[in-house]
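Treat the numbers as computed from the prediction; the structure is a model and nothing was measured. Each chain gets a letter, A, B and so on, in the order its sequence line appears, and its residues count up from 1.
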Amino acid sequence: MVMSWIWTGIVLLSILCAAATGKGGQLSSAAMQGAQAGVTLAVSMAGAICLWSGVGKLMAVCGITGALSRRMRPLLVRLFPSAAADVSLAGDLSANICANLLGLGNAATPMGIRAAKRMVRGDIATDELCRLVVLNTASIQLIPTNVAAVRSAFGCTAPFDILPAVWITSALSAGLGVMAAYLLGKVRRG
Amino acid sequence: MTDYIVPILLFLAAAMALRRKENAYDVMLQGASEGLKLLVSILPALILLLTAVYMLRASGAMELLSQGLRPLFALLGIPPETAMLVLVRPLSGSAALAVGADLMAQYGVDSQVGRTAAVMLGSTETTFYTISVYFGAAGIRKTRYAIPAALFADLVGFCMASLTTRLFFPE
């Protein structure tokens with residue numbers, strides 16, 4: 001429901017703003033371009049998503065996920081208690097977190113969504129699902145390759161010199177985000 | 001070293017599956033077709049979200065918002081020059097990358113603003129996109145506190161990006 005309000009609000013804001021600034025002429029073509037951009041983006045992601053779903057399936061089969069899962073178990077079980085009893089949920093969750101750490105965002109998404117689907121109880125987000133989403137919206141990647149590529153494109157000689165700053169920032173934002181989720185979960189339940 | 005992470009991962013996954021006498025290629029094919037189904041479930045959300053973002057940009061609302069937010073950003077210790085980046089970051093990954101690259105070009109890639117923009121891009125995610133993808137695929141209608149908590153994480157990220165850049169690269 002929140003997304004409905006956000007979406008409607010954005011469209012209304014655009015109309016009011018375009019009317020005020022006299023940019024109404026571009027608005028309808030922008031809407032069509034945006035819709036097309038959605039398709040373009042999906043098509044340009046298609047290869048990566050399919051490839052990493054395939055590799056993810058392969059990892060599940062060859063035992064990498066199992067090994068990672070065991071390493072991450074203490075942390076996982078704290079954040080997602082139902083992963084303690086559900087081996088394949090624990091596998092998807094740890095694979096999602098590992099892929100995020102490696103900066104393979106497209107690889108993380110399919111596994112994260114599989115995990116999310118196993119956490120669903122009806123159409124209401126559970127506490128665990130909220131924590132999973134917060135963890136995925138707070139980027140926890142070790143090597144931000146895209147940003148480094150942009151930086152070297154502008155002639156930066158040490159594109160990775162921002163790494164310590166990125167690590168501290170990511171760790172604090174993910175940590176405090178999950179903490180906020182815990183607090184909000186307690187408050188909302190009353 | 002980072003150049004080889006992806007190719008080595010691809011090789012290791014296939015080689016280890018082969019060692020276990022699994023049909024690596026068939027398994028990957030199966031996974032790839034699952035990926036395609038996933039993509040189809042994401043596509044509608046992607047189209048709607050980008051439509052809204054494009055309208056917001058075309059109407060000039062994004063520029064007005066960033067002008068209006070300048071005093072607040074100064075208060076949070078975030079360089080006001082990055083206001084536009086902070087605004088689009090949760091909405092659109094490609095728009096954020098474009099705005100960030102523009103900041104790096106404009107102020108210099110090793111400037112305070114340029115580095116802050118890079119750290120912001122590297123340590124935050126496209127929050128609304130991620131939320132719509134996860135909740136869309138899981139069929140969730142009531143998102144409860146997920147959006148405020150995720151936006152709080154973003155805010156911490158933006159403030160910390162500005163702070164760590166100031167600490168590690170004093171001018």
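For the atom pair Leu64(B) CG and Leu16(A) CG, the distance stands at 11.5 Å (nearest 0.5 Å). Summarising the geometry, atom CD1 belonging to Ile10(A) is positioned 5.5 Å from atom CG belonging to Leu91(B); distances are rounded to the nearest 0.5 Å. Separation of atoms CG (Leu58(A)) and CD (Glu22(B)) is listed at 8.5 Å; rounding is to 0.5 Å. The CG atom of Asn136(A) lies 10.5 Å from the OG1 atom of Thr127(B); values are rounded to the nearest 0.5 Å. In this structure, the separation between OG1 on Thr51(B) and CD on Gln36(A) is 10.0 Å, given to the nearest 0.5 Å. In this structure, Phe169(B) CZ and Ile162(A) CD1 are separated by 7.5 Å, a value rounded to the nearest 0.5 Å.
Heavy-atom distances place the backbone of Thr126(A), and not its side chain, under 4.5 Å from chain B. For chain A, no part of Leu18(B) is nearby; none of its heavy atoms comes within less than 4.5 Å. Residue contact with chain B, scored on non-hydrogen atoms closer than 4.5 Å, is absent for Leu135(A). With a 4.5 Å cut-off on non-hydrogen atoms, Ile113(A) touches chain B through its backbone and its side chain both. Looking at Ala14(B), the atoms closer than 4.5 Å to chain A (heavy atoms on both sides) sit in the backbone and in the side chain alike. Heavy-atom distances place no part of Phe158(B) under 4.5 Å from chain A, backbone and side chain included.
Interface check for chain A: of the options Ala15(B), Pro44(B), Ala61(B), the most heavy-atom pairs under 4.5 Å are formed by Ala61(B). Residue with the most contacts toward chain B among Leu132(A), Leu13(A), Val178(A): Leu13(A) (heavy-atom pairs, distance under 4.5 Å). Comparing Met104(B), Met120(B), Arg19(B), Arg115(B) by how many heavy-atom pairs each has under 4.5 Å with chain A, the most go to Arg115(B). The candidate from Ile140(B), Thr130(B), Leu155(B), Thr164(B) with the greatest count of non-hydrogen atom pairs under 4.5 Å with chain A is Ile140(B). The candidate from Lys37(B), Met160(B), Gln30(B) with the greatest count of non-hydrogen atom pairs under 4.5 Å with chain A is Met160(B). Comparing Gly114(B), Gly60(B), Gly136(B) by how many heavy-atom pairs each has under 4.5 Å with chain A, the most go to Gly60(B). When each of Ala18(A), Ala171(A), Ala165(A), Gly175(A) is checked for heavy-atom pairs under 4.5 Å with chain B, Ala165(A) comes out on top.
Taking both residues in full, the closest heavy atoms of Ala52(B) and Trp7(A) are given as CB-NE1, 3.6 Å, listed atom of the first, atom of the second, then distance. Pairing each heavy atom of Tyr145(B) with each of Gly185(A), the nearest pair is CE2-CA, 3.4 Å. Nearest heavy-atom pair, Ala125(A) versus Arg144(B), reported as atom, atom and distance to 0.1 Å: O-NH1, 2.8 Å. Closest of all the heavy-atom pairs between Ala150(B) and Thr137(A) is CB-OG1, 3.3 Å. Counting all heavy atoms, side chain and backbone alike, Gly35(B) lies closest to Cys50(A) at C-SG, 4.2 Å.
Proximity of Phe168(B) to Leu163(A): side-chain heavy atoms (C-beta onward) are nowhere separated by under 4.5 Å.
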Checking side-chain contact (heavy atoms from CB on, under 4.5 Å) for the pair Val119(B)/Val166(A): CA distance, chi angles, key distance, verdict?
CA-CA 5 Å; Val119(B) 176; Val166(A) 170; 4.1 Å; yes
Any chance you could lay out the side-chain contact (heavy atoms from CB on, under 4.5 Å) test for Asp110(B) and Cys156(A), step after step, and finish with the verdict?
CA-CA 7 Å; Asp110(B) 289 325; Cys156(A) 182; 3.6 Å; yes
May I have the step-by-step check of side-chain contact (heavy atoms from CB on, under 4.5 Å) for Met55(B) and Val11(A), ending in yes or no?
CA-CA 7 Å; Met55(B) 285 177 80; Val11(A) 174; 3.9 Å; yes
Verdict with supporting geometry, Leu184(A) and Phe152(B), side-chain contact (heavy atoms from CB on, under 4.5 Å)
CA-CA 11 Å; Leu184(A) 286 169; Phe152(B) 175 72; over 6 Å; no
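Ser123(B) contributes no side-chain N or O that, together with a main-chain N or O of Ser170(A), makes up a donor-acceptor pair within less than 3.5 Å.
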